[in-house]
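Heavy-atom basis, side chains included; hydrogens, waters and symmetry copies ignored.
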Amino acid sequence: MENDTELITITIDADLAAKVEEMIRLMGITQEQLIVRFFHWCVDEPEEAIAYLKKAQEEQGKELHHD
């Protein structure tokens, strides 16, 4: 049987990682678990994920142009 697990390495800014860790601490999950949940959400709810990500991309673009 083949291994159906993909190994992904993600590099995250230390300040951002600390902010995320603080935010999810109350949820009782790790950053790794959060990332896995995000991938599952993208697969399970692709239309919702696409709409959310497009909106977030637009907002980020607006923020970058205002700085």
Q.
Working note: Leu53 + Gln57, criterion side-chain contact (heavy atoms from CB on, under 4.5 Å); need CA distance, chi angles, decisive distance, verdict.
A. CA-CA 6 Å; Leu53 292 171; Gln57 185 178 33; over 6 Å; no
Q. Would Ile10 and Gln31 satisfy side-chain contact (heavy atoms from CB on, under 4.5 Å), going step by step from the backbone distance to the final call?
A. CA-CA 11 Å; Ile10 300 174; Gln31 290 184 26; over 6 Å; no
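Put simply, Met27 and Leu16 are part of the same group of oily side chains (I, L, V, M, F, W, Y) that touch within less than 4.5 Å, one to the next. No path of Ile, Leu, Val, Met, Phe, Trp and Tyr side chains, each step under 4.5 Å between heavy atoms, connects Leu34 with Tyr52, placing them in separate hydrophobic clusters. Grouping the Ile, Leu, Val, Met, Phe, Trp and Tyr side chains by contacts below 4.5 angstrom, directly or via other members, places Val20 with Ile29. Under the 4.5 Å side-chain heavy-atom criterion for grouping Ile, Leu, Val, Met, Phe, Trp and Tyr, Ile8 is connected to Ile12 within one hydrophobic cluster. In the hydrophobic clustering of this structure, Ile35 groups with Ile24; members are Ile, Leu, Val, Met, Phe, Trp, Tyr whose side-chain heavy atoms approach within less than 4.5 Å, directly or through other members.
Considering CD of Glu58 and NZ of Lys54, their distance stands at 8.5 Å, rounded to 0.5 Å.
When all heavy atoms of Cys42 and Ala49 are compared, the pair lying nearest together is CA-CB, 3.8 Å.
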